[in-house]
Amino acid sequence: MNGPHSIGDVVGGRYIIQGFLGEGGMQYVYLADDQVLGRQVALKTPKNNSAEKRFHRSAIVSARVNHPNIAKTLDYIESDTKSYLIEEVIYGDDMQKALLQKVDKLDPFLCAKVFHHLSKGLAASHHVNVLHRDLKPTNVMVSGGINIEEIKITDFGVAKLAEGEIVEAAEGGHDTISASATAVGALPYMAPEVIDTPREVTLKADVWSLGAMMYELICGKKPFGTGLRSVSKILEGKYDEFPEFITSNRQFKSLSEQLINIIEECLQVDPVKRPTADQLVSKCSTLCYPVCKRLVGNIKNLQHNSYGFIFVQGSNDVFYHRNSVYGDFPSVGEPVMFSKFAGGRADRAYPLVKLKS
Amino acid sequence: MTTAIVDNLSGRYVPVDVAEYGGFSGVVKCNDQHLDRYVATKFIKDRIEVDRIKDEIAALLKMRSKNVVQVYDLISTGEDELGIVLEFVDGSDLLDSSSHPTDKDDLLRVLWQVASGLSDIHDAGLIHRDIKPNNIKVDPEGVVKIFDFGLSRETGEEAKTLGFKGTIGFAAPELYSNEVVEFTQAIDVYAYGATALYLATGDIPKLLRQVPPRLAPDDVFNGTLLQGHGELIDLFKSCFSRNPEQRPSISKIRDALSKHLLFNKHQALAVSNAKTHTLDMHNRSAALSLGNIGSFNITYDGFDFRLQNVVGEVSVNDTRALSGMAIPGSCVVAIGDQNRHNWERTYITFDVSNPEVAL
């Protein structure tokens, strides 16, 4: 197991380490059993002990935010040598693993749902004047996989922890940015002012980051690319044009266009022109999208180059038509996700999105 | 009850307000020194009551609900003393009429969230036993939180009590007895109905405040914000049934509320070869036909999109269309049967969607 702990370690006389959940640039995350309350929790400890004071500060900041779309802060404790933040455990993966590594492009329905919930969480944190500062797919936790049963923003702590490093990297220019793993990971979602004037960042920086994340979900690529070449594009607010497939299918056009408009508003260089999180919530709460279960299957066949059937483990084949596909058209044998609706000879799939094999 | 436990909340939780004492316990607002945030600490100093509060914690921890207050910690400051540290919800409870929703959508949202929280409680096999406006708050983000599980019990064997425990106006008729009373989740449903009535009218009618309560008058929801939602009013009224078994399940109430929250908010996108149409509350119906082969109307009734006046060869997702049927969330309506030539068939795709009610 990575980091300072092994299974069975007792932290603070209360939390028994049960497993390793992962690590970010700044911290280790463990699964632990809370002996006092008899439930599982996520236990986080910073990699760098000298950052402890800031870690405590960040725990306090994250504890102020209380919303279903934010991972709940439960406890903070210090031992002789280490400090720990205890958070509700989310049984799932971060958005990078749960969505971006599963699909190339997410259909506008699921995008709208993600956008809606994340803007709700963001609004709650902005209401108590808490800036996340490091919103990116690995800081969003998803349970239920492609069905997105729960979606929660996490790691407000890390944002505060990384602050010094990001400011240092930004002020030091290109060499330091590329040397800082944390800054590189955050860069594709970083607002221009975070790079330009890192000490004068407002809540609107989070709105930019959310817009950049949504761009990536719907387009299947990052708005400004990756690496140092993206810096000048970010500073000018010149994101790559939205690919044609997003709006070319009439089934998705209307919602896609609404999403593009909101994303474009978020990605304005002047922070003042970007919507507030509350304005984002009100825009997203009017978006119409079906909330249906998503299934997974494999394309079984294609007839007349226009329709065919999907093989689904343990259930009948599902009919699909090529007009119901969002993004790349899947070939026979390839995995897909879809919702299905009752039909006469077979249920009908809609929308249909190709999964990464 | 002494103040010892309030003075000594394990050093971490510092009282910032005067403790309030209720029937079985006390509660004090504290500052959690570790996280510098307010928490509500509920304390108890009686052997038997300590067992009760342990039940309360076990009950709360059994579920994961957005609408039930969160437990953070448990503290023991001495023998027969116990404190439970809970999420502090800022704002007044729903007894305070200034916190009542004043617009229909807000009212439906609050009632829906109370029903959702109570369904989570019932799904965990629990009975809250003291559902009432004083035990419900709406947090600053608009999220409803149910609290005070002081009386909660698991369903089944243990669900009986000697004598009356509850709140007049919200306690179901079967609870008014001097004998050993067995009760079920239906007492929470009765209390939910009374809570809904209180939120809709700002009062509990005299008849319901009698001991034991009489039946609610039939017109009790008339003139409230719920007017026009007959299905909901009927459900709420059936919460007051004398026979517990005739009260609806809380999940049925929750589902009806989520349906009514979306009343007139759906849209259907209709895509045919020629064009794209949107049907919604502003544009409720469309007529479609192909020569004399087949024709139909589609009409939005605020909940569903229904086919009307179906004539000739019309099918929905390969099933023969019938007048009055509601279309599934996504479907292809074909005019012209399969044995016809391509130019004698046409297809219209309908996709129904709606805004999501998110907390």
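When reading the values below, keep in mind they use all heavy atoms of this one structure, side chains included, and skip hydrogens, waters and symmetry mates. Throughout, a chain's letter reflects where its sequence line sits, starting with A, and its residues are numbered from 1. Keep in mind the model is a prediction, meaning the values are calculated, not measured.
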State whether the number of non-hydrogen atoms from other residues, nucleotides or ligands found under 6.0 Å of N342(B) atom CG is greater than 12.
no
Could you tell me which of V71(B), D36(B), L269(B) has the largest number of non-hydrogen atom pairs under 4.5 Å with chain A?
V71(B)
What residues of residues 313-326 of chain B sit under 4.5 Å from chain A when you count only heavy atoms?
N317(B), D318(B), T319(B)
Got a salt bridge between E150(A) and R64(B), using NZ or NE/NH1/NH2 to carboxylate O under 4.0 Å?
yes
Determine whether a donor-acceptor pair (N or O, by modelled atom type, separation under 3.5 Å) exists between the side chain of R37(B) and the backbone of V65(A).
no
Honestly, the part of K72(A) sitting under 4.5 Å from a heavy atom of chain B is side chain
To the closest 0.5 Å, what do you measure between CG (D34(A)) and CG (L61(B))?
8.5 Å
Counting only heavy atoms closer than 4.5 Å, note whether V36(A) contacts chain B via side chain, backbone, both or neither.
both
Using heavy-atom distances under 4.5 Å, tell me whether R39(A) contacts chain B through its side chain, its backbone, both, or neither.
side chain
Distance check, rounded to the nearest 0.5 Å: L35(B) atom CG versus R64(A) atom CZ?
12.0 Å
Apply side-chain contact (heavy atoms from CB on, under 4.5 Å) to the pair R12(B) and D75(A), showing each step before the final yes or no.
CA-CA 11 Å; R12(B) 173 173 177 174; D75(A) 197 3; 2.6 Å; yes
Side chain proximity check, Q70(B) to E88(A), heavy atoms < 4.5 angstrom:
no
Distance (rounded to the nearest 0.5 Å) between F109(A) CZ and S330(B) OG
8.0 Å
Taken to the nearest 0.5 Å, the spacing of S285(A) OG from E356(B) CD works out to 11.0 Å
Heavy-atom side-chain proximity of H321(A) to V332(B) below 4.5 angstrom
no
Just checking D278(A): does its CG atom have more than 12 heavy atoms from other residues, nucleotides or ligands closer to it than 6.0 angstrom?
yes
For the CG atom of D351(B) and the SG atom of C288(A), what is their distance to the nearest 0.5 Å?
12.0 Å
Examine whether an atom of A124(A) lies under 4.5 Å from a heavy atom of chain B, and if so say whether it belongs to the side chain, the backbone or both; otherwise answer neither.
both
Which of V143(B), N354(B), V271(B) touches chain A most, by non-hydrogen pairs under 4.5 Å
N354(B)
If you measure from CZ on R348(A) to OG1 on T349(B), what distance do you get to the nearest 0.5 Å?
5.5 Å
Please look at L359(B) and chain A and tell me whether the side chain, the backbone, both or neither of the residue comes under 4.5 angstrom of a heavy atom of that chain.
both
Part of N323(A) within contact of chain B (heavy atom distance under 4.5 Å):
neither
Within the 4.5 Å heavy-atom criterion, are E141(B) and V128(A) side-chain neighbours or not?
no
Could you point out which residue of L74(A), L37(A), T73(A) forms a side chain to side chain contact (heavy atoms under 4.5 Å, CB included) with Y72(B)?
L74(A)
Of all of D139(B), V352(B), N273(B), D32(B), which one pairs up most often with chain A through heavy atoms under 4.5 Å apart?
N273(B)
CA sep, side-chain torsions, deciding dist, call: I86(A), H34(B), side-chain contact (heavy atoms from CB on, under 4.5 Å)
CA-CA 12 Å; I86(A) 290 90; H34(B) 286 199; over 6 Å; no
